[in-house]
Amino acid sequence: MRISDTGDLWWKSAVIYCADVQTFLDSDGDGTGDLRGLEDRLDYLNDLGVTCLWLMPFYPTARVDDGYDITDFFGVDPVLGTHGDFVELVRTARGLGIRVVIDFVMNHTSDQHPWFKSARRSKDDPYRDYYVWSPIEPPSTKKDVVFPDKEDSIWQLDEKTGEWYLHHFYKHQPDLNVANPKVQEEISRTLGFWLELGVAGFRVDAVPFLFARDKVPGVKEPEAFNPDRYLGDVRNFVTRRVGDAVLLGEVNLPYKDQKTFFGGPDGDGLNMQFDFIGMQNIYLSLARGDARPIATALRRRPRLDVTSQWANFVRNHDELTLDKLTDDERQEVFDAFGPDPDMQLYGRGLRRRLPSMLGGDERRIRLVYSLMFSLPGTPVLFYGEEIGMAENLDVPGRLAVRTPMQWTSGETGGFTRAPKRRMTRPMPGGLFGPDQVNAADQRHDHGSHWWFMRNLIYTYRQQPELGWSHAEILKQPHRSVLAHVCREKESGWAMVALHNFGADGCMVPVELGDLPAGTVLVDLLDGLHEHELDAHGRIELELQGYGYRWLRVLRPEEGPLI
């Protein structure tokens, strides 16, 4: 590959950082973060090495589901700022080389959205078909609910009209009828509006629900609507408006189904998808001290066309879902990292962050991030990961991990000038409180987690081929060790990565096959030290307990690394 390739498909070598506007930085002292506060910290993100900022919902909301219950898809929540503030944020970010993508949440609206308020007035209302209605009481759908602690059905009776409306999530979030051409037009108008304001793409929420045929009891599915074709239409619309815009999809499905959402072999669907399977198996490997679960997942990971990409992540803003593990495997992870029922959620996930799950063990924490950045794909960070923030279990549900960013050691962590009682959410305390974990202290300490993450990001960015490569699992005798080589076919670039999930050190044999005489392995994370291979492309390398190494394969005809 050529370096110019990274401009056209910029998302394949990006570093994405997810931020929640309301919990990032409060600029006006009202206790809630805002767009101006986030803009003031763009230089911080630039210094860290972030190239793409993903914003969680900042739209007007009914304030029931932390911003995902939207009342106006074209608006900005006045508590967070104005359209002018948003445009300034995007413009300033662009000047620093940071693209901005935003959450696109049009599987549903709030029940306070003007469309739904109108739709429930009568069966003849012009907005009635914007939503999905059943004239008869649907059979039990208890097994289909997403939030079993809050709902027992995906249908809700509307008393005024005597019909049931569909809601895959909460009852106050009625699903839009995406098969309706008028709704499709509204989706295009919304996407086009934000693209005109300068966004570089969208993180598409709840993709399997958004692009699906909704089944209504006793009603025939619309033959004209093909959800796969419609996904391609959305992709085409976005790229017509902005040629290099990206669609990053939340698709928590088995790999074979994810392949469909990429658009099949032509890759004309989503540009990127989160690798939920890989993420869950990383935690299983951590719980067991055994690299085989993640090795198996990587072997099963489908190869993608050149325009498509996996997004690698350690956790996101929701519960740490473990739903694709077996019941026994999930229990292993629960026992290791969340044995208290209060740490678990929905019977399928954990409401904790990595540092607290690992008891603050810096060796294991760094191992995990080294692995994430070394895998083919694009790394995605959730705000606060770069300093090792933890959760606050006193905050209910999934919001436990969405606590305010810890900037300084002060009582409110430098997040706000407002009194502690007026903060959006309380911060963690104890070993992970702002007096112990904050950005200011860590930026002045070159041995800190922040500096480790910064150096890791810069090493990743110096090897853009990582985002264009495929992983091969190398054979070696240690169950605790994952040895993989990333290869970029066109240039011949290759990098070996070793990660030890066990506490004991070991010697790892690496065999790379026929290579030109004089080929060496350059240790990218240890001063660019060179290691010579024998005539058969073999070497034995030391790996400490919970150790990790990145080793660039450097052939004699290549220039020195700088």
Side-chain angles (χ1 to χ4, degrees), residues 6-22 24 35 38-39 41-42 45-46 48-59 67-68 70 73-77 80-81 83 85-107 187-188 190-207 210 231 234-235 237-251 261-262 269-275 307-313 316-318 377-383 385 457 461 467:
T6 63
D8 292 332
L9 303 176
W10 58 268
W11 56 85
K12 289 180 71 78
S13 52
V15 176
I16 301 176
Y17 186 96
C18 174
D20 186 357
V21 176
Q22 67 174 330
F24 204 64
L35 289 166
L38 184 51
E39 182 183 352
R41 286 291 185 262
L42 288 173
L45 298 180
N46 181 54
L48 183 62
V50 170
T51 62
C52 179
L53 173 62
W54 155 26
L55 298 182
M56 289 171 60
F58 51 83
Y59 313 100
Y68 285 88
I70 296 168
F73 292 112
F74 298 103
V76 174
D77 190 326
L80 306 180
H83 282 100
D85 294 329
F86 178 81
V87 171
E88 285 298 302
L89 170 68
V90 172
R91 176 183 175 276
T92 305
R94 185 187 301 122
L96 292 169
I98 300 174
R99 290 174 167 89
V100 175
V101 301
I102 63 175
D103 248 313
F104 183 71
V105 190
M106 286 196 75
N107 172 70
I187 288 174
S188 295
T190 303
L191 291 166
F193 176 81
W194 292 106
L195 288 168
E196 286 298 314
L197 292 188
V199 305
F202 304 90
R203 177 263 185 186
V204 188
D205 185 63
V207 170
L210 177 58
L231 173 57
V234 170
R235 162 81 176 265
F237 174 83
V238 168
T239 52
R240 281 199 307 273
R241 291 294 177 94
V242 176
D244 65 350
V246 67
L247 294 176
L248 167 58
E250 180 193 29
V251 185
F261 284 104
F262 276 118
L270 298 168
N271 303 98
M272 300 177 65
Q273 292 180 52
F274 293 100
D275 184 2
T307 67
S308 302
Q309 181 70 308
W310 293 108
N312 301 318
F313 69 112
N316 60 17
H317 56 290
D318 293 328
T378 299
V380 181
L381 293 170
F382 183 46
Y383 77 93
E385 282 191 270
I457 289 170
R461 291 182 60 188

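Because the structure is predicted, anything quoted here is derived from the model rather than measured. For the single chain, residues carry numbers from 1 onward in sequence order.
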Please name all residues satisfying salt bridge (Lys or Arg N to Asp or Glu O under 4.0 Å) with Glu39, sequence neighbours left out, ordered by chain then number. none
Using the ring-ring contact (aromatic ring centres under 6.0 Å, His included) criterion, which residues pair with Phe104? Sequence neighbours excluded. Phe202
Just jot down the salt bridge (Lys or Arg N to Asp or Glu O under 4.0 Å) partners of Arg99, sequence neighbours excluded, or say none. Asp244
Nearest-0.5 Å distance that lies between atom CG in Leu53 and atom CZ in Arg94: 13.0 Å
Student check: side-chain heavy atoms of Phe382 and Met56 closer than 4.5 Å: yes
Can you check whether Arg241 reaches Leu191 side chain to side chain, under 4.5 Å on heavy atoms? no
Apply salt bridge (Lys or Arg N to Asp or Glu O under 4.0 Å) to Asp20 and list each qualifying residue two or more places apart in sequence or on a separate chain. none
Where the side chain of Lys12 meets the backbone of Gly377, is there a donor-acceptor pair that is under 3.5 Å apart? no
Residues forming a side-chain contact (heavy atoms from CB on, under 4.5 Å) with Asp77, sequence neighbours excluded: Thr61, Arg63, Val79, Leu80
How far apart are the closest heavy atoms of Gly467 and Gln309, and which atoms are they? O-NE2, 2.8 Å
Which pair of non-hydrogen atoms, one from Gly198 and one from Val90, has the smallest distance, and what is that distance? O-CG1, 3.4 Å
From CZ (Phe274) to CG (Asn312), nearest 0.5 Å: 10.5 Å
Arg461: what forms a side-chain contact (heavy atoms from CB on, under 4.5 Å) with it, not counting sequence neighbours? Val15, Thr51, Ile457
Nearest 0.5 Å, what's the OG1-CG distance between Thr92 and Leu38? 10.5 Å
How many angstroms lie between OG1 in Thr307 and CE in Met272, if you round to the nearest 0.5 Å? 11.5 Å
Ala245 and Leu195: which non-hydrogen atoms are nearest, and at how many Å? CB-CD2, 4.2 Å
What pairs with Val50 under side-chain contact (heavy atoms from CB on, under 4.5 Å), at least two apart in sequence or on another chain? Tyr17, Leu45, Leu48
Kindly determine whether Asn316 and Cys18 satisfy side chain to side chain contact (heavy atoms under 4.5 Å, CB included), including the steps that lead there. CA-CA 8 Å; Asn316 60 17; Cys18 174; over 6 Å; no
Please report the closest heavy-atom contact between Leu42 and Ala93, naming both atoms and the distance. CD1-N, 3.6 Å
Going by side-chain contact (heavy atoms from CB on, under 4.5 Å), Asn271 matches just one of Leu9, Leu248, Val246. Which one? Val246
Residues forming a ring-ring contact (aromatic ring centres under 6.0 Å, His included) with Trp11, sequence neighbours excluded: none
Holding to ring-ring contact (aromatic ring centres under 6.0 Å, His included), I want the full list of residues that pass it with Trp310, two or more places apart in sequence or in another chain. Tyr255, Phe262
Identify the two heavy atoms, one from Pro379 and one from Ala14, that lie closest to each other, and give their separation to 0.1 Å. CD-O, 3.4 Å
Results of ring-ring contact (aromatic ring centres under 6.0 Å, His included) for Phe237 - residues two or more places apart only: none
Which atom names give the shortest non-hydrogen contact between Trp54 and Ile16, and what distance separates them? CB-CG2, 4.0 Å
According to side-chain contact (heavy atoms from CB on, under 4.5 Å), who are the partners of Leu35, at least two apart in sequence or on a separate chain? Val21, Val76, Asp85, Phe86, Leu89
Please, which pairs that meet side chain to side chain donor-acceptor pair (under 3.5 Å) have at least one residue in residues 194-205, sequence neighbours excluded? Asp103-Arg203, Arg203-Asp205, Arg203-Glu250
Over 60° means perpendicular and under 30° means parallel, so classify the ring planes of His317 and Tyr68, tilted if in between. parallel
